[in-house]
Structure formats: structure tokens, C-alpha cells
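Here the structure comes first, spelled out in C-alpha cells, and everything after it is commentary.
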Amino acid sequence: MAETREERARHWRYEELPGVDLLRARYIRKSFVRHTHEHFVIAAIADGVEVFHHGSGDQYAGAGALALVNPDTPHTGRAGVPEGWQYGAVYPSPDVVAAIAAETTTLRGTPGFVTPVLDDPYTVRLVHQVLRATDEGNALAADTLLRVAVTRLLRLNGGTLPRREVRTAGARTAARARAVLEERMAAPPTLEQLAADLGTSPFALLRAFRDTYGMPPHTWLTDARVRRARLLLDAGTAPSEAAVTVGFTDQPHLNRHFSRIVGVPPGAYQRERKNVQDARGDRSVASGVWQWNGQQSTNTRTYGPVPETARPPRAEGSRTAPWYGTPSASGSPSDSPGSPSA
């Protein structure tokens with residue numbers, strides 16, 4: 001990996017890419033608790049290995065691979081090797097992906113990803129080029145590269161997501177419980193009270209909720225609180241006020257859970273997303289390629305092999321671009337010669 005072993009992350013948005021969140025990060029000791037996203041996760045691993053629990057087991061994404069998570073799908077995240085992992089990610093909304101799928105693929109219904117890990121160094125490079133384009137204020141390139149990347153992923157690993165239908169009595173009970181928790185987020189009932197109000201037992205409710213949403217009610221509630229806090233922060237609400245509004249005891253309580261789900265503290269999150277265009281003017285971006293070093297070769301052979309010939313070529317005179325963001329909570333962009341195509 002790069003010489004510095006400091007954890008860094010930057011979570012931001014670019015106004016010319018509406019409906020898309022952006023992230024660069026290097027994590028070593030970071031561990032993401034079970035959570036979900038309203039948007040798709042397209043995480044391009046540049047170095048190291050990420051392990052994330054998805055479905056019934058752990059998934060390993062090494063350098064040259066993408067970690068792909070559909071909206072509202074519970075998952076975790078942690079380092080798979082001692083040196084951690086370095087990646088860039090785009091989080092397009094379901095509407096953005098659906099529009100691209102309708103224009104460029106034959107998928108019908110709700111599009112999504114079939115498998116959670118895809119070895120494809122070419123698309124990894126595209127994702128980092130999207131991030132680089134936003135840094136440089138190149139809206140045309142950012143929009144183009146994002147569409148090319150999403151189209152390629154849908155063609156290689158796309159399918160129609162099954163419709164979520166509430167059929168069983170347990171699923172209907174879980175849906176009712178979720179509605180209550182959403183309404184009473186700041187002052188939720190106990191499990192026993194909630195079960196009594198819904199005419200069931202605590203353990204029956206716990207089992208039904210976990211079967212339906214992939215996590216117990218209290219874990220889901222924390223995830224939902226962080227989601228709502230993000231909306232408040234995006235609207236300009238102070239972190240301390242957002243914390244109390246969504247039901248956390250204070251800002252440190254919000255900080256702890258927010259960092260374990262979003263990857264950065266709420267203050268850093270809000271600063272990066274508040275004045276994206278102003279911030280862009282204050283940062284210079286080094287030209288060149290995000291280097292693929294020898295350590296990557298070991299990781300990819302161990303966790304999802306990527307043939308040497310399939311890796312992106314190293315550009316002559318390439319150098320690593322600077323990190324952005326705050327320690328313990330940014331990554332670097334990637335670029336490559338040539339024009340991308342789906």
C-alpha cells in the first residue's frame with residue numbers, strides 16, 4: 001500500500017452529479033457495523049482487501065475488484081489484510097441506475113447487481129476517474145464516466161431485482177413495527193411494548209423483523225437514525241441538533257454511530273458536502289495514475305485472483321494523488337490513459 005498508514009476518508013457530493021454520493025477512503029482498523037444504504041454501493045478497491053458480510057456469508061474484494069451492494073441490503077465492512085484497504089466509491093440512487101439501465105440495457109423491472117463482488121480492473125479504473133473528474137470540476141467527464149461504468153456493470157453483472165412483497169403474517173407484523181419505529185424514532189417503545197401494541201410476543205416480533213429486514217429492530221433503528229441525520233446535515237442542521245432530533249442522546253452518541261456506518265464523522269461529512277464548489281477551488285489535484293504496486297499482486301491472488309494481464313497498465317512517471325478529508329474518518333483519485341468505453 002502507500003507509505004502512510006493513517007486512516008483517511010472523504011465523503012462528498014458533486015452538484016453536477018445529482019443523486020450520487022462519492023467517497024474516497026483508506027481504512028486499516030475501521031469496522032463498519034451492519035447497515036444499509038438507500039443508494040447502490042459501487043466500491044472500487046485500489047489496494048488491500050475489504051471483507052464484508054453480505055447475504056449468508058463473508059465476501060472478499062481485493063485490488064482490481066468491485067464491492068457491489070444493492071439498495072436496502074444489510075452488509076458490514078472490515079479489512080481483510082493487516083494493511084487494510086484503499087478504495088473509491090460512487091453511490092448512485094436507484095433512479096439514476098434505473099434511468100441508465102433503461103437507456104443502455106435490455107433489463108426490465110428494477111435493475112440491480114447479481115453478485116456482490118466482481119473482478120474487473122477496467123471498471124475499477126473508471127470509478128476512480130469519475131472521482132478525479134469531480135475534483136477537477138469536469139462535469140462532462142464525470143457524468144460520462146459514471147454512465148459508462150454503471151452500464152458496464154449492469155451488462156457484466158446486472159439483473160432484475162425481485163419485488164419485495166409482504167405476504168406472510170410475520171412480514172406484515174415486521175412492516176407495521178418498522179412504521180412505528182420510523183414515526184417514534186426519537187422516543188421508541190421497548191421491544192415488549194412494541195410487540196404488545198402489535199398483538200404478538202417479543203421473540204416472535206424479533207424473529208419476524210430479522211427475517212424481513214436482515215437485522216433486529218434496535219440495529220435497524222440505529223441505521224434509520226443515521227440516515228435521517230444525514231438528511232438533516234445536508235439541510236444545514238448542526239450535528240448537535242441533528243443528534244437529538246433523531247433520538248441520540250448527544251452529539252458524541254451520533255458521532256460514534258455515524259462514523260461506524262457512513263465512514264466519517266458527521267462534522268466532516270457536513271463540511272465536505274456543504275460547499276462542494278468552493279472547496280473544489282481550494283484543492284489542487286496531482287496528475288497521474290493511482291499506482292498499482294507489487295503488494296496488490298499478493299492480495300488479488302489470495303482473495304479473488306485477477307490475472308496480471310488484466311490489470312490496468314502502469315503509466316510512466318505516475319504518482320499518487322494527494323489524500324483529501326480528515327484523519328481517521330480520504331482517498332486518492334485514479335486516472336488512466338485512453339478513452340473508456342462500455
Side-chain angles (χ1 to χ4, degrees), residues 11 13 21 30-39 41 53 69-77 91 93-94 164-274 328-329:
H11 198 299
R13 61 184 172 185
D21 287 339
K30 188 75 173 178
S31 180
F32 289 89
V33 298
R34 199 164 182 80
H35 65 285
T36 63
H37 296 277
E38 293 177 297
H39 289 192
V41 178
H53 192 85
V69 182
N70 294 319
D72 298 316
T73 302
H75 61 286
T76 62
Y91 302 82
S93 71
R164 291 188 175 182
E165 297 183 11
V166 180
R167 294 178 178 177
T168 67
R172 288 192 294 270
T173 299
R176 291 168 59 201
R178 173 173 169 164
V180 171
L181 293 176
E182 286 179 334
E183 184 179 347
R184 300 174 58 182
M185 185 173 291
T190 65
L191 180 64
E192 184 175 6
Q193 291 170 338
L194 183 58
D197 291 343
L198 297 176
T200 187
S201 70
F203 280 106
L205 174 58
L206 177 61
R207 186 166 51 249
F209 201 99
R210 190 162 44 200
D211 289 345
T212 304
Y213 298 112
M215 60 183 79
H218 70 280
T219 303
W220 180 91
L221 179 60
T222 298
D223 190 36
R225 282 173 167 170
V226 169
R227 282 194 187 191
R228 190 168 296 181
R230 287 183 62 181
L231 294 177
L232 292 172
L233 294 171
D234 286 344
T237 304
S240 57
E241 182 181 345
V244 176
T245 300
V246 302
F248 291 116
T249 55
D250 51 26
Q251 185 174 339
H253 192 197
L254 169 64
N255 290 356
R256 184 166 65 254
H257 291 291
F258 198 96
S259 296
R260 295 172 68 193
I261 289 176
V262 181
V264 296
Y269 170 90
Q270 188 176 54
R271 284 193 300 273
E272 287 286 358
R273 296 164 67 88
K274 191 174 182 180
S328 299

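The side chain to side chain contact (heavy atoms under 4.5 Å, CB included) check on N255 picks up Q251, P266, with sequence neighbours excluded. For Y269, the ring-ring contact (aromatic ring centres under 6.0 Å, His included) partners at least two apart in sequence or on another chain are H11, F258. Every residue two or more places apart in sequence or in another chain that forms a side chain to side chain contact (heavy atoms under 4.5 Å, CB included) with E38 is listed here: R227. For H218, the side chain to side chain contact (heavy atoms under 4.5 Å, CB included) partners at least two apart in sequence or on another chain are P216. For the salt bridge (charged side-chain N to carboxylate O under 4.0 Å, His left out) test, residues two or more places apart in sequence or in another chain that qualify with E182 are R178.
Closest approach of V246 and A229 over heavy atoms only: CG1-N, 3.8 Å. When all heavy atoms of D250 and H253 are compared, the pair lying nearest together is OD1-N, 3.0 Å. Nearest heavy-atom pair, A186 versus P188, reported as atom, atom and distance to 0.1 Å: C-CD, 3.7 Å.
In this structure a side-chain-to-backbone donor-acceptor pair under 3.5 Å is present from R34 to G214. Proximity of a side-chain donor or acceptor of K30 to a complementary backbone N or O of G77 within less than 3.5 Å is not detected. With T237 contributing its side chain and A242 its backbone, the two residues share no donor-acceptor pair below 3.5 Å. Side-chain N or O atoms of D223 include one that pairs as donor or acceptor with a backbone N or O of T36 at under 3.5 Å.
With values rounded to the nearest 0.5 angstrom, L181 atom CG is found 8.0 Å from M185 atom CE. Taking CZ of F209 as the reference point, atom OG1 of T219 lies at 9.5 Å (rounded to 0.5 Å). Distance OG1/T245 to CG/L231: 12.0 Å, rounded to 0.5 Å. How far CZ of R230 is from CG of D21: 5.0 Å, rounded to the nearest 0.5 Å.
The aromatic rings of H37 and H35 sit perpendicular to each other, their planes meeting at more than 60°, with 30° as the lower class boundary. The aromatic rings of H257 and F248 lie parallel to each other, with less than 30° between the two planes, well short of the 60° mark.
Shown are V264, D234, L233; of these, the side chain to side chain contact (heavy atoms under 4.5 Å, CB included) with Q270 is made only by L233.
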Check residues 191-207 and write down every donor-acceptor pair under 3.5 Å in which the side-chain atom is one partner and the other belongs to a residue at least two apart or another chain.
| residue | atom | partner | partner atom | Å |
| --- | --- | --- | --- | --- |
| Q193 | OE1 | T190 | N | 3.0 |
| Q193 | OE1 | T190 | OG1 | 3.4 |
| S201 | OG | A204 | N | 3.2 |

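With a 4.5 Å cut-off on side-chain heavy atoms, R225 and L221 count as touching.
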